[in-house]
Amino acid sequence: SQQGEEDPQALSIQEGENATMNCSYKTSINNLQWYRQNSGRGLVHLILIRSNEREKHSGRLRVTLDTSKKSSSLLITASRAADTASYFCATPYYGNNRLAFGKGNQVVVIP
Amino acid sequence: GAGVSQTPSNKVTEKGKYVELRCDPISGHTALYWYRQSLGQGPEFLIYFQGTGAADDSGLPNDRFFAVRPEGSVSTLKIQRTERGDSAVYLCASSLSGLAGANTGELFFGEGSRLTVL
């Protein structure tokens, strides 16, 4: 079963705008990861935030983590057409030996 | 190679046939994962190897699915008596440590093998 659940599921924005998506999870975690998947391709790791961190930045990406609410958000600033992809959050599951992925959030950036 | 390599990239087969999907992980990565992804869904865990042994195969849907990693590197996912419901993209990933809970638990994915069962 999937641990994470992204919200909203689909997002269409203009180039240059910011895109925000959320993820909720159910159990206690050591870290939460975000991945990107371009159409027809494999997943690419974007960022990992530890359970003792509240916010983390990587380039145009900003991730927040609220362990009390069991939720995380991913913000992409100044979006580009190349950011068009599906974005998944993933959390360790069953003894931390694997990652459980959410259903994904499809982002379309219109040039 | 530099990344995770999966072959074939596409496989079309008939219902009832046997299929093998191969994964060549990043050199030195001890952990290897197989996931299955249906259209519009996130990856679904199938099996996890640490070295040569299957440390967690609880995600395999039934006994038609089997995976091996005999030398701790290349892995093969085997599907017997394929059914139309097996159609999906099968993703392989490798990890340096295999501990998803660790701070270096990033997974490196291959491009996937798209399986279509007619």
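Reminder, nothing fancy here: chain letters follow the sequence lines and each chain counts from 1.
The disulfide bond (SG atoms under 2.5 Å apart) analysis of residues 10-84 of chain B, with sequence neighbours excluded, yields the pairs B:C23-B:C92.
Of the possible donor and acceptor atoms, one in the side chain of A:K56 sits under 3.5 Å from a partner among the backbone N and O of A:L48. At distances below 3.5 Å, at least one donor-acceptor pair connects side-chain atoms of A:Q37 with backbone N or O atoms of A:R41.
Among A:G42, A:S86, A:G40, the residue with the largest count of heavy-atom pairs under 4.5 Å with chain B is A:G42.
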Pair A:R36, A:D83 - check salt bridge (charged side-chain N to carboxylate O under 4.0 Å, His left out), show working. CA-CA 9 Å; A:R36 183 187 73 220; A:D83 295 329; 5.5 Å; no
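Looking at B:Q37, the atoms closer than 4.5 Å to chain A (heavy atoms on both sides) all sit in the side chain, from C-beta outward. Only the side chain of B:Y35 has a heavy atom closer than 4.5 Å to any heavy atom of chain A.
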